[in-house]
Amino acid sequence: MSSFLKARQRITALLDENSFVEIGAKVTARATDFNLKPVETPSDGVVTGYGVIDGNLVYVYSQDASVLGGSVGEMHARKIAAIYDLAIRTGAPVIGLVESAGLRLQEGMDALNAFGTIYGRQVKASGLIPQVTAIFGNCGGGLALVPALTDFVFMAEDAKLFVNAPNTLAGNKEDKNDTAAAAVKAANGSVDVVGTEEEILSEIRTLISMLPSNNEDESVADCADDLNRASANVAAGYADPSIAVSDIADDGLFFETKRACAPEMATGLIRLNGMTVGVVANRSAVYDENGEEKKNFDTVLTAAGCYKAADFVRFCDAFEIPVITLTNVTGFAATESEERKVADAAGKLTAAFAGANVPKVNVIVKKAVGSAYAVMNSKATGADFTIALPDATIGIMDAKLAAHVLCDGTADEVAEIAAKYDALQNSIDSAAARGYVDQIVEADDLRKYLIGAMEVLYTKREEFPAKKHSAK
């Protein structure tokens with residue numbers, strides 16, 4: 001078998017066995033301009049149809065690079081548009097498996113219009129049905145907008161994604177600075193998951209099994225996990241959401257999105273008592289399989305982390321997926337580069353949380369300090385419940401810094417003021433006394449409290465004043 005699975009083989013590997021039904025198999029290219037030889041063009045270079053993943057209906061298209069390079073022409077695009085039309089009418093996700101030379105030059109304006117046709121269908125489908133793109137070969141030029149308009153993007157390790165090829169950029173060379181490489185695109189947030197073809201197809205199956213089919217559906221599965229089991233790793237692993245969140249989730253499954261982008265902010269999907277829930281969590285450390293810290297991050301909000309989380313919260317809100325935040329933040333990243341955009345990014349995250357009317361629960365796992373806390377799904381911006389672990393702190397600023405502002409005395413006097421400030425202004429008990437924290441729970445009990453919160457909020461209804469869309 002070649003290094004790339006062929007178009008139909010990819011579909012077979014992705015869908016449940018014997019479930020694929022092809023649509024438009026007899027469609028072929030009809031243009032012969034610019035010496036395009038009138039050769040056979042089976043399916044015009046794209047296989048389209050529907051099938052199921054774990055019993056869930058999905059529509060899929062898979063480009064065939066052996067036919068005119070998988071290039072997009074008039075009939076090629078019509079087939080993809082037809083799949084989108086069916087998916088919107090029936091309320092089912094669309095999965096695109098991309099490997100293409102891009103625009104079919106020989107078809108001129110017909111091909112250019114074809115790109116616009118696909119874009120238009122994607123925008124129409126956005127917020128109605130989940131859209132997933134997997135890139136297995138080249139995805140260049142105008143075709144690069146296709147994954148940009150979808151909700152989740154997967155990319156093979158040796159695939160290429162670009163608007164302008166690296167070698168066409170001044171001072172750039174593919175072998176020195178490959179801006180089209182999967183690792184680069186993952187780091188800048190354009191790609192959620194990078195892996196082998198087999199890994200990608202498996203990961204897509206996992207993702208689809210967790211997503212609702214459309215914006216009016218819900219994703220609930222049977223839960224065999226103990227609803228009351230202790231979440232024993234949360235207290236020690238709060239710094240790394242891949243540990244803490246997995247410990248809370250049913251069967252330890254945490255599907256992390258945009259994994260290589262802004263790792264200090266983790267986003268992803270879990271199930272709680274079978275219900276799909278979105279998670280946004282501050283990350284301050286990464287641990288290896290032996291529990292040793294291999295990387296750490298400041299407990300601050302970065303611009304990239306805020307943009308990443310805002311996009312994810314908006315997706316969850318569009319598809320009625322509840323959101324849980326695990327908050328451990330002490331401020332905003334303070335560098336010249338960050339200062340250029342962190343306020344804009346934090347504003348977008350604040351707007352995303354405040355504008356979401358799905359169930360929202362905030363868990364303060366360690367520190368919640370200053371304006372950064374307000375951004376992270378605080379009660380003031382709409383969290384339905386705020387839960388805190390017993391050793392968490394919440395307040396306007398670090399007690400030592402506050403003491404220096406409030407007191408101009410000796411070191412002992414400053415320390416005394418700091419201790420008093422901590423007790424009066426920064427403790428969880430003081431926040432709870434003012435109604436800013438609803439529950440203080442032991443880390444071991446966090447899973448069952450979150451399941452309880454999701455059950456209580458299951459029937460939440462909140463209507464905002466009518467408007468076309470948010471301005472932010």
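Taking both residues in full, the closest heavy atoms of Val365 and Asp391 are given as O-OD1, 4.3 Å, listed atom of the first, atom of the second, then distance. A pairwise comparison of heavy atoms in Pro390 and Val441 identifies CD-O, 3.0 Å as the closest pair. Here the closest heavy-atom approach between residue Gln63 and residue Glu99 is recorded as OE1-N, 3.1 Å. When all heavy atoms of Ser246 and Phe254 are compared, the closest pair comes out as OG-CB, 3.6 Å. When every heavy atom of Ala388 is checked against every heavy atom of Val437, the shortest pair comes out as CB-CG1, 3.9 Å. Taking each heavy atom of Ala303 and Ala345 in turn, the nearest pair found is O-CB, 3.4 Å.
Between Asn282 and Met376, some side-chain heavy-atom pair lies under the 4.5 Å cut-off. Put simply, the side chain of Val94 does not reach to within 4.5 Å of the side chain of Gln122, judged on heavy atoms. Residues Pro93 and Leu211 form no side-chain contact, since every pair of their non-hydrogen atoms from C-beta on lies 4.5 Å or further apart. In this structure, Tyr458 and Met275 have side chains that are in contact, with non-hydrogen atoms separated by less than 4.5 Å. Two residues are said to be in side-chain contact when any heavy atoms from C-beta on lie closer than 4.5 Å; Ile394 and Thr327 fail this criterion. Side-chain contact between Val60 and Leu97: present, with at least one pair of heavy atoms (C-beta onward) separated by less than 4.5 Å. Contact annotation: the side chain of Leu272 approaches that of Ile324 to within less than 4.5 Å [non-hydrogen atoms, C-beta and beyond]. Residues Ile88 and Ile129 form a side-chain contact, since some pair of their non-hydrogen atoms from C-beta on lies under 4.5 Å apart.
In this structure, the side chain of Ser19 does not engage the main chain of Gly51 through any donor-acceptor pair within 3.5 Å. Counting only distance, with no hydrogens or angles, the side chain of Asp192 and the backbone of Val153 share a donor-acceptor pair below 3.5 Å. Side chain of Lys258 to backbone of Lys308: no donor-acceptor contact under 3.5 angstrom is found. In this structure, Gln9 contributes its side chain and Lys6 its backbone to a donor-acceptor pair below 3.5 Å. Asn377 places no side-chain N or O within 3.5 Å of a backbone atom of Phe353 that could act as its donor or acceptor partner. Within the 3.5 Å criterion, the main-chain N or O of Thr267 finds a donor-acceptor partner in the side chain of Thr257. Judged by distance alone, the side chain of Asn296 and the main-chain N or O of Ser284 form no donor-acceptor pair under 3.5 Å. Proximity of a side-chain donor or acceptor of Tyr84 to a complementary backbone N or O of Gly120 within less than 3.5 Å is not detected.
A salt bridge is absent between Arg314 and Asp317: the closest approach of a Lys/Arg side-chain nitrogen to an acidic carboxylate oxygen does not fall below 4.0 angstrom. Taking 4.0 Å as the cut-off between side-chain N and carboxylate O, Asp251 and Arg271 do not count as a salt-bridged pair. In summary, Arg447 and Asp226 do not engage in a salt bridge, as defined by a charged side-chain N under 4.0 Å from a carboxylate O. A salt bridge is absent between Lys295 and Asp240; no separation between the charged side-chain nitrogens and carboxylate oxygens falls under 4.0 Å. Between Lys360 and Glu462 there is no salt bridge, since none of the side-chain N atoms of the basic residue sits less than 4.0 Å from a carboxylate O of the acidic one. Ion pairing between a basic and an acidic side chain is recognised when a charged N comes within 4.0 Å of a carboxylate O; Lys448 and Asp445 show such pairing.
Ring orientation note: the planes of Phe319 and Phe315 are tilted relative to one another, at an angle of 30° to 60°.
Taken from SG in Cys223 to CG in Asp250, the straight-line distance is 3.5 Å, to the nearest 0.5 Å. Note that CG of Leu389 and CG of Asp444 are 10.0 Å apart. Values are rounded to the nearest 0.5 Å. Rounding to the nearest 0.5 angstrom, the gap separating the CE atom in Met210 from the CG atom in Asp54 is 12.0 Å. Here the CG atom belonging to Leu14 is positioned 11.5 Å from the CD1 atom belonging to Ile200, to the nearest 0.5 angstrom. If you take CG on Leu86 and OG1 on Thr48, they are separated by 9.5 Å, rounding to the nearest 0.5 Å. Separating the CD1 atom in Ile440 from the CD1 atom in Ile364 is a distance of 9.5 Å, to the nearest 0.5 Å.
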TODO: In sequence, state the C-alpha distance, the side-chain angles, and the governing distance for Thr302 and Phe297, and then conclude on side chain to side chain contact (heavy atoms under 4.5 Å, CB included).
DONE: CA-CA 11 Å; Thr302 64; Phe297 309 93; over 6 Å; no
Ile208 vs Ile95, side chain to side chain contact (heavy atoms under 4.5 Å, CB included): CA-CA, chis, key distance, verdict: CA-CA 10 Å; Ile208 291 296; Ile95 303 170; 4.0 Å; yes
Pair Phe20, Thr12 - check side chain to side chain contact (heavy atoms under 4.5 Å, CB included), show working. CA-CA 7 Å; Phe20 179 61; Thr12 300; over 6 Å; no
Intermediate values then yes/no, side chain to side chain contact (heavy atoms under 4.5 Å, CB included), Leu149 and Gln131
CA-CA 8 Å; Leu149 289 169; Gln131 300 177 67; 5.7 Å; no
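One side chain, Thr90 or Tyr59, offers a donor N or O that lies under 3.5 Å from an acceptor on the other. A side-chain donor-acceptor contact under 3.5 Å links Thr299 and Thr330. Thr325 and Asn362 form a side-chain donor-acceptor contact under 3.5 Å, judged by distance and modelled atom types alone.
Atom CZ of Phe115 is surrounded by more than 12 heavy atoms from other residues, nucleotides or ligands within 6.0 Å. No more than 12 heavy-atom neighbours from other residues, nucleotides or ligands sit within 6.0 angstrom of OH on Tyr436. By the 6.0 Å contact criterion, CD on Glu339 is open, its count of non-hydrogen atoms from other residues, nucleotides or ligands being 12 or less.
With Asp344 as reference, Lys348 is the one residue of Lys348, Arg340, Lys341 to meet the side-chain hydrogen bond (donor to acceptor under 3.5 Å, both in side chains) rule.
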